[in-house]
Each structure stands twice: as structure tokens, then as C-alpha cells.
*Asks:* 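Questions regarding the structure given below will be posed in turn.
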Amino acid sequence: MQRIGVFICWCGSNIAATVDVKRVAEAIKAEPGVVYSADYQYMCSENGQQLLKNAIKEHNLTGVVIGSCSPRMHEATFRRAAAEAGLNPYMLEVANIREQCSWIHKDMDEATEKALILIRTAIAKVRLNTPLQEGESPVTKRALVIGGGIAGIQAALDIAEAGFEVDIVEKNATIGGRMAQLDKTFPTLDCSACILTPKMVDCAQSDKIDILSYSEVEEVKGFVGNFKVKIRKKARYVDEKKCTGCKVCMEKCPSKKGLNEFNMNLNNRTAIYIPFAQAIPNVAVIDPEQCIKLKTGKCGICQKFCGAGAINYEMKDEFVDREYGAIVVATGFRPINIDAFNEYGYSDNADVITSLELERLMNAAGPTNGVLLRPSDKTHPKVITFIQCVGSRDVSGCGKPYCSKVCCMYTAKHAMLIREKYPDTEVHVFYIDVRTPGKNYDEFYRRAVEQYGVDYIKGMVGKVYNENGKLMVQGSNLIDNEQVIIPSDLVVLATAIEPEPSVRKIATLLTASIDTNNFMNESHPKLRPVESPTAGVYLAGMCQGPKDIPETVSQASACAAKVIGLLVKDKLKTNPCVAHCNEMMCNGCSQCANVCAYGAITYVDKEFRIGGGKTEVRRVASVNPAVCQGCGACTVTCPSGAMDLSGFSSKQIMSEVEAICKR
Amino acid sequence: MTDLENKIIERAENLLESGEAARVVGWKKGEFYFDPSPAEFDSKEQLRDFVYNGFCGANLSKYLIQVSKKPGKTAVFLKPCDTFSLNQLVKEHRVNRDNIIAIGIECNGKLDIEKIKEKGVSAVTEASETGKEVTVSSLYGKSVMNKEDILLIKCLTCKSKKLVGVDETIVLGEMEEAPSDRFEEVEKLEKMTEAERFAFWKSQLSKCIRCNACRNVCPACSCVKCVFDNPQSGVAAKANDDEFEEQLFHIIRAFHVSGRCTDCGECSRVCPQRIPLHLLNRKFIKDINTCYGEYQAGEAADGKTPLTDYTVGDVEPNDVFNAGVRK
């Protein structure tokens with residue numbers, strides 16, 4: 001019989017205000033196997049842990065139940081303390097009577113009753129616990145960064161700086177991401193390319209960084225310290241090693257009608273192209289949808305003119321297998337599709353544009369060489385109206401419920417830049433609120449209003465319609481309590497952002513979770529903001545939530561610190577809660593091996609006695625404990641129940657269910 | 001004796017005589033015309049009792065788990081739906097395919113003696129099929145019946161006339177396709193309210209006497225040790241403790257065979273209480289088809305299975321849940 005000790009934590013008033021901790025501690029003494037029961041104000045404190053250690057020694061405890069916060073908070077703390085007192089740490093269980101009890105109940109009697117049930121449940125499990133020993137697994141000292149925008153670039157540079165090899169996998173033909181498309185950056189108005197491109201060049205020149213551009217992650221296997229990743233290098237039809245980036249192919253290509261994605265489709269590009277002047281790698285790529293040679297077999301002009309002989313129309317997708325210790329997800333964002341917002345007339349009027357389109361129209365490398373000309377007739381717009389929160393903070397279902405965070409600041413930036421460059425232009429901004437939390441942000445916005453005379457109108461826009469070539473912006477001015485109609489030449493929509501849709505696939509491949517808006521979930525919103533719930537997977541930039549460049553760079557560096565902290569270790573402690581097979585019951589049906597995401601299960605032929613002095617050879621499963629991650633998929637798949645999980649055995653779980661159901 | 005039966009016996013004889021097969025698995029004459037049972041034949045003499053008539057509904061594939069372990073090759077006669085079961089067993093490494101000579105044979109649906117009895121005809125001595133009609137002879141005379149009226153439930157909605165993964169075939173005529181949609185009954189259940197459906201299954205499952213016939217006949221229920229027979233599992237012998245747990249037996253069984261059940265319909269055929277157990281399995285099959293694309297267990301002896309495989313395009317658990325709620 002186990003000698004079980006139970007410790008009920010008050011968590012100050014967090015638990016004690018709703019759960020009668022004294023009553024729980026007293027009542028639990030009557031449970032079979034419980035030889036000690038106590039309550040304490042803060043079990044996680046130094047004194048609380050000492051109480052635990054002393055009781056283990058004094059009462060020769062063989063099992064411990066702590067009724068406290070979620071095991072995600074302090075299970076490790078308590079297990080370490082138990083180990084210091086000589087108890088196997090896996091003989092200690094945490095009953096969550098805070099998040100799953102006191103915080104969600106108001107009635108003290110009900111909460112106390114529930115706390116009792118939860119603790120009895122944990123006791124039922126501890127009765128069946130067995131001591132477990134941790135193993136060790138090696139660490140592959142190389143990191144993968146998925147996404148080559150500013151987040152991925154910064155994370156890769158920091159990891160490389162610490163001396164570890166790192167690969168950037170970027171789905172586009174060049175790294176740089178969204179930041180490369182921006183004209184100026186707030187709140188300092190420095191040129192985006194001027195601060196980004198040196199970092200891109202650093203990546204290219206680093207002997208620790210390998211850039212796999214025009215590539216996508218295809219498959220991820222393994223676990224923290226030991227990820228095995230298959231990367232698809234998409235056929236770019238240009239030999240990366242041979243291409244010199246001379247652009248002769250672009251001059252000669254007869255297929256010139258492709259939409260230029262880098263310029264937000266505002267102008268055209270050739271079928272063979274280099275996305276922009278500072279692209280890394282500075283290597284051309286052929287768009288197979290547009291290339292005449294690839295579509296019809298006739299043409300081949302670029303091949304004829306390529307002095308380096310880099311063009312290869314026969315190129316096929318290639319697969320690269322690499323191993324990594326850690327993975328950083330930095331897949332970024334895109335503006336949402338605003339076709340559903342009919343009221344702003346985006347689809348019908350060429351001169352209703354998104355903010356990212358304006359960035360390109362203002363940029364010296366953009367379709368108008370930086371001269372602000374409206375798309376319809378290439379004239380200078382004299383009246384420009386900005387509309388904020390297009391699709392953000394929108395609970396109608398058309399847009400996104402969240403604040404996209406960057407729009408207030410970039411709209412102020414746009415307004416200011418236009419007033420600076422074209423002082424004769426009249427600029428209006430419709431806003432719901434102006435949100436400027438950040439160093440020098442509010443000062444920046446005030447400069448737009450006070451120094452540059454931008455007309456900020458508090459109110460929403462109901463309609464944008466074309467009347468005799470003018471865009472009539474009809475909205476409400478809430479301060480003056482009146483309806484206004486502003487005849488404008490150009491309307492700019494501060495479009496909401498959303499995670500780059502490929503993040504869904506990445507999250508699935510990594511078994512990391514995403515929230516209802518497709519943003520990657522962090523492990524803890526406050527205390528573990530750059531770690532995904534999957535060990536060894538870290539999050540940087542917009543994939544985790546809306547954020548601006550300074551925040552993105554900070555988060556990327558934080559990710560790098562986490563990755564470096566992992567990669568400097570030679571061995572990781574492995575979870576002893578792994579699966580094992582009862583060979584006497586194993587059918588050898590392979591279902592467990594099929595569901596195993598880690599490839600931990602193999603099969604062996606073994607001889608078994610079948611009575612009457614006879615034997616038979618059967619195919620049975622065998623688990624490699626160093627590879628098993630204890631996810632339990634095999635145990636629930638096994639029809640005969642031959643597979644079981646140490647620390648979470650079917651019997652332990654059933655005994656917990658029984659304890660909950662018993663009244 | 002029909003031409004088909006002759007051909008089958010002839011082939012069995014020559015397999016045994018040539019030594020190509022050490023034994024043949026087929027159907028053996030029973031006490032009555034309508035109760036042939038699965039059997040192993042080791043010699044030409046034993047083949048005198050071999051039959052293949054309208055009452056050979058039994059699926060022989062499960063017997064191969066044990067028989068294929070014996071030395072020498074085993075020849076087996078399989079109707080189209082039985083071939084799917086063998087393939088599934090091969091896929092799960094339960095049958096050593098190298099030791100098997102699988103002979104696919106013609107089948108146009110098998111007869112249900114209970115349905116014939118319900119029509120007032122007993123002491124059946126023969127049933128000869130001509131197209132859509134069956135002439136049933138008994139000690140008391142002959143009567144002509146509509147074949148569709150006396151088919152086994154499983155044959156009313158025959159899933160396929162394909163003979164998959166066999167080494168040779170004995171098919172004399174065209175095999176007719178199934179008369180009706182096998183998911184029709186499932187759809188009826190889906191249209192019920194939750195309370196109606198619960199009442200339906202409660203009334204059906206409460207008839208269960210836990211004879212285990214469904215489990216013992218099921219080719220997918222072939223565990224070395226069934227959880228319900230294993231005292232270590234913590235659920236053994238509990239399943240018939242009370243009415244509720246009795247219901248769980250069938251539901252757990254349906255879960256255990258989900259994604260693996262080929263819809264051979266043996267469970268319902270052997271149930272002495274005539275519980276439509278196949279409907280539980282068909283609901284799973286239908287849901288798998290909806291969520292993961294058309295899938296027929298046993299169609300191939302290799303490849304991936306929707307429930308034990310994972311792809312990025314897999315349906316989200318939430319969508320499955322919502323689809324269930326909507327109905």
C-alpha cells in the first residue's frame with residue numbers, strides 16, 4: 001500500500017477564496033492510503049517546498065498529490081523538490097484546483113466539492129504510479145528558420161552569431177519578405193530597404209547561414225533536438241550557382257504581361273524575373289504559368305541569351321532532407337482580401353487602393369519610380385482620404401475581430417510623407433481610435449496632425465462612390481456630429497492583416513497549435529511568448545500575432561536566444577512517460593506504427609509458447625524509448641490494448657475516470 | 001449440383017491431388033441443406049462433403065489466420081465480399097499471404113433461411129436460383145420466391161462484385177450489381193433526433209445476450225487477446241454487468257473495427273437476436289468516406305488507412321464535431 005501525502009495550496013486567495021482548503025485537507029485524510037494531509041498558503045514558495053520535503057522524509061511518503069495551480073505552472077517545481085527529498089519525481093501528481101476549479105466557480109460549497117473530487121482523482125492515479133527514470137537524447141546542433149522576412153532574417157543572424165548553423169527556408173524567390181515592400185518605416189521615417197538589405201546581405205555572406213529560397217517545408221518528423229525535415233526546392237528553371245543576376249534574360253523575355261507581385265500587381269513583369277534589385281539570392285526565376293517555352297515548348301530566348309548557361313527548362317522540384325535541433329516559425333502575414341467590403345468600392349475603382357499598394361506607389365523602386373500618381377490616369381491626386389480599420393476590429397464576419405496594430409502608425413506615416421512631399425495635397429484620415437502605444441509613437445502621430453496638418457476625422461466611412469471622376473467618401477464626423485462627404489482623388493484603405501495562410505500547413509506539420517484567427521499559439525501569452533506548445537518550436541513575428549518591425553525584431557532575437565539555449569546542450573533529458581508493448585497481446589497489425597508520428601515503433605518476429613509444448617512465431621511491436629515522445633496515439637489505436645503508456649497507463653486513466661464518477 | 005459447384009469441387013480436387021495445396025478451406029454439407037458450415041478439407045475423400053449453394057453465406061477469410069500457420073499451402077474459396085476481408089487481414093499481417101491460394105468465386109447473393117421460414121416454408125431440401133426467382137423445395141413441396149425477398153441483409157446491399165487480390169477465379173456468368181444503396185438505412189438513423197436514435201439503439205442492443213457470435217465471426221475482430229476476455233484490461237466481464245455496459249460492448253467493438261471493417265455483414269448474419277449490428281459499422285464507413293474521401297477497407301493489401309494516417313489536408317476535428325451536431 002502506498003503512503004500518500006496530500007498538500008493543498010491556497011495560492012493566496014486565488015484558491016482559498018473559493019475553495020475551503022481546510023475542509024478539503026481534513027476530508028482527504030479519510031482516503032485510503034493517505035497518511036498525511038496539509039494546507040499551506042503558497043506551496044511553490046521556499047517554505048512550501050520545505051514542508052513537502054520534510055513530510056516526505058518524516059512520513060516515509062511513497063506518493064504525493066499537490067492540489068494547486070495547473071501542472072503546467074509548477075509540476076516541475078514540485079517534482080524537483082520531491083526528488084531532493086529522495087522520492088522518485090514521477091510519484092508526484094498535481095491536481096489542478098485553480099484554473100479548473102477555483103477560478104471558474106463562484107459558489108464555495110460547489111468549488112470545495114469539486115476540489116475534493118479532483119484530488120481524489122489524483123490520489124487514484126498516484127496509487128498506480130510507478131517510479132520512472134528519465135533517459136537522454138542527443139541534440140542536432142543546427143536550426144531551421146521557416147520564412148525569410150525580417151523575423152526569420154533576424155533570428156537566423158542571431159543564431160549564426162552564436163556559432164550554430166542555420167537554414168532559412170523561404171517560399172518566395174528571395175528573402176526580405178513584406179518589409180522589403182515597404183517604403184519608409186515609422187516612427188523614424190528611415191528607408192525600409194536601407195535598413196533591411198544590409199541584414200539580407202549579412203545572411204547571404206554568413207558561412208553559418210544557408211538560404212533555401214523558393215523552397216517549402218514538406219514534411220517534419222522527430223522531436224525537440226532531433227527534427228528531421230524534408231524540404232521541397234521548387235524548380236526555378238534557373239541554375240542558382242550559374243546565374244550572375246545580369247538581367248539580360250529579363251530584357252529579352254517576350255512574355256511581359258505577368259503581374260508583378262512585389263509591386264502588389266500594380267505593374268507587369270517578365271516571365272523570367274528577379275523580384276527586386278536587392279533580391280537575395282540575386283538569381284532569376286521563371287514563372288511556369290507565364291513562360292512561353294514551358295507552356296508551348298516554343299521560345300527559349302532567355303536560354304539563348306544567358307551568357308552563364310544558367311537556364312534549364314527541364315528542371316524538376318528537388319527534395320532535401322535535413323536534421324535540426326530547433327525550428328523557428330516566421331511565416332509572416334498578408335493583407336486580407338477586401339473584395340467583400342463593397343462599401344469602399346475597392347474592386348470597382350482603380351483609385352481605391354490598399355496601404356501596401358500605396359507603399360509601392362511611394363517607393364523609388366515602385367511602378368511609378370516613387371512619384372505619387374493615381375493608378376487610373378497617372379495624375380497627381382490633390383485630395384487623398386485614408387480609411388482606417390478596414391477589416392480590423394470587425395465583428396460582422398467580413399473582417400477580423402482583432403486590431404491589426406500597425407495600421408494607425410503606418411497611416412500617420414503615409415499622411416505625413418505625402419504632406420511632406422506634396423504640400424499642396426489635402427489629406428484626410430477617418431479613424432475609430434488612434435492607437436499609438438510605443439516609444440515615440442504618439443509624438444509621431446501628433447506631428448502628423450499638428451505639424452503636417454493632416455485632417456483626422458473621428459468616424460467611420462459608410463460608402464465610397466464615383467461621381468464624375470471623383471471618389472466621394474461619405475462618412476460621419478462624430479466630434480462635430482455631422483455627415484461629411486469628401487470628394488477625393490485617391491482613397492487609401494488601411495487593410496487588416498492576417499497570418500500568411502501557409503502557416504496552417506506549417507502548424508499541422510509541426511503539431512503546433514493555431515488560434516481561431518490562424519495565428520500560431522504561444523506556450524504562455526505572458527511568460528512563454530516565443531515558444532510554441534511543441535517543444536523545440538519557436539515563434540517570431542506576425543505568425544504569432546499582429547506586431548510592428550521593432551517588436552518583430554525583438555521577438556526574433558528572443559527566439560534566437562531560446563534556440564541557442566537549446567543548441568548549446570549536448571543532451572536533452574527525455575520524458576520517461578513512453579509507450580511499451582505487451583507482446584503477449586500484440587497482434588502485429590501495424591496500426592500503432594502507422595499512427596506513430598515519430599517512427600518509434602518497429603516490428604520483430606518472436607517465438608511464443610502456445611501450450612502443449614508448442615511454440616509459434618508472431619510479429620510483435622517494439623518501441624524505441626529514445627524516440628517515443630509519449631503522445632499516446634498508439635495506445636488508443638491498439639485494438640487489443642497491448643500498447644500502454646508509462647505514467648499515463650490505461651489503468652491509471654480509468655481509475656481517474658472512476659474516481660470522478662464515484663459519488 | 002450446379003455447374004459452378006462442379007467447377008469449384010473439380011478445382012479443389014485437382015489442387016489437393018497435384019499437391020499444390022495441402023488443404024482446401026470451403027463449405028461442408030451440414031445436417032440440413034440450408035446449414036453448410038466452413039470447413040477444412042485435407043483429402044479428395046473429404047471433398048465429398050464439399051458444397052457451394054445458396055446458403056454458403058459464411059465468410060471464410062478469418063479461418064485463414066490459424067490455418068495459414070500450418071505447413072504447406074492452403075487454398076481458399078472466396079466470394080467477392082470475402083476477398084476484401086482477406087486483403088484486410090493480409091494488410092494487418094494476420095495472414096501469411098504466401099501460404100494462401102485464393103480462388104475468387106461467383107456469387108449472386110446468398111439466401112437467408114430465416115426469411116424463408118418466415119414465408120411459411122420449412123424443412124428446405126433445395127433452393128435453385130433462376131435469375132430473380134428462387135425455387136425452394138421442401139419436404140412439403142415446391143414454392144417459387146422472389147430472390148430479393150429472401151436474400152441475407154448483407155447481400156441486399158452488396159458492396160462489390162469485384163474479386164480483389166485473388167490468384168485465380170471461377171466465374172461462369174455475369175455477377176449482378178447490388179440492388180440498393182447500402183447507406184440508405186444509416187441515413188434514416190441520421191435523420192432521427194438524438195432521443196429517437198438512442199431509443200432505437202437501446203431497444204436493439206437490449207436484445208443482446210452477449211453470445212459473442214458477432215465478435216467471433218468478425219474478420220476484423222481477430223485480436224490475439226480480446227480486451228473483453230482480458231482480465232488485465234479492466235473491462236473484461238464487465239460488459240454485461242448491466243444494460244448500459246452491454247450497449248458499450250457493441251459500441252466499443254464498432255470503434256475497434258472502424259477503418260478496418262470491410263462491411264462483410266457477418267455480424268448481423270450470425271446474430272441470433274437479429275440486431276442490425278452492421279449499421280454501426282456502416283455509420284463509421286459513411287463518416288470516413290465523408291471526412292477523408294471514399295475508402296473501402298480491404299480493397300488493397302497495402303497503402304494507408306484514413307484513421308491511422310495523417311495528412312495536412314485531413315478534416316479538422318472541429319468540422320467532424322460540427323457535422324455531427326448539425327444532423
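Residue numbering restarts at 1 for every chain, and letters A, B, ... go by the order of the sequence lines. Quantities reported herein were computed from a predicted structural model and do not represent experimental measurements.
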*Asks:* Grab the two heavy atoms, one from B/Cys223 and one from A/Asn587, that are nearest each other, plus how far apart they are.
*Replies:*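 Heavy atoms only, the tightest pair is SG-ND2, 3.0 Å.
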*Asks:* Of all residues at least two apart in sequence or in a different chain, which pass the ring pair (Phe, Tyr, Trp, His ring centres under 6.0 Å) check with B/Phe41?
*Replies:*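 Scan of B/Phe41 (ring pair (Phe, Tyr, Trp, His ring centres under 6.0 Å), adjacent residues dropped) gives B/Phe50.
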*Asks:* Please classify the contact between A/Met585 and chain B as side chain, backbone, both or neither, with a heavy-atom cut-off of under 4.5 Å.
*Replies:*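 Looking at A/Met585, backbone and side chain both touch chain B.
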*Asks:* Heavy-atom count around B/Phe255 CZ within 6.0 Å, excluding the residue itself: above 12?
*Replies:*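 No, because the 6.0 Å sphere around CZ of B/Phe255 holds 12 heavy atoms or fewer from other groups.
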*Asks:* Sort out for me which of B/Arg94, B/Lys91, B/Lys225 touches chain A most, counting heavy-atom pairs under 4.5 Å.
*Replies:*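 Heavy-atom pair counts peak at B/Arg94.
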*Asks:* Considering only heavy atoms, which portion of B/Lys69 lies under 4.5 Å from any heavy atom of chain A: side chain, backbone, both, or neither?
*Replies:*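 Just its side chain gets close to chain A.
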*Asks:* Which of the residues B/Arg260, B/Lys304, B/Glu92, B/His93 is involved in the greatest number of heavy-atom pairs with chain A at under 4.5 angstrom?
*Replies:*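 Most heavy-atom pairs within the cutoff with chain A belong to B/His93.
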*Asks:* Side chain from CB out, backbone as N, CA, C, O: work out which of these in A/Lys651 comes under 4.5 Å of a heavy atom of chain B, or both, or neither.
*Replies:*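 Only the side chain of A/Lys651 comes within 4.5 Å of chain B.
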*Asks:* When only pairs under 4.5 Å are counted, which of B/Asp314, B/Thr305, B/Thr308, B/Leu307 shares the most heavy-atom pairs with chain A?
*Replies:*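 So the answer, after comparing B/Asp314, B/Thr305, B/Thr308, B/Leu307, is B/Thr308.
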*Asks:* Under a 4.5 Å heavy-atom cut-off, does chain B meet the side chain of A/Ser650, its backbone, both or neither?
*Replies:*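 Neither part.
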*Asks:* What residues of residues 596-619 of chain A sit under 4.5 Å from chain B when only non-hydrogen atoms are counted?
*Replies:*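 Listed by number, the contacting residues are A/Glu616, A/Arg618, A/Arg619.
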*Asks:* Could you check which of A/Asn582, A/Asn594, A/Thr637, A/Asp644 has the highest count of heavy-atom pairs closer than 4.5 Å to chain B?
*Replies:*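 Greatest number of close heavy-atom pairs with chain B: A/Asn594.
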*Asks:* Got a sec: does the CZ of A/Phe648 have more than 12 other heavy atoms crowding it under 6.0 Å?
*Replies:*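 No - once you tally the heavy atoms of other residues, nucleotides and ligands closer than 6.0 Å, there are 12 at most.
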*Asks:* Can you confirm whether more than 12 heavy atoms, excluding those of A/Glu318, are under 6.0 Å from its CD atom?
*Replies:*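 Not buried by this count: 12 neighbours or fewer within 6.0 Å.
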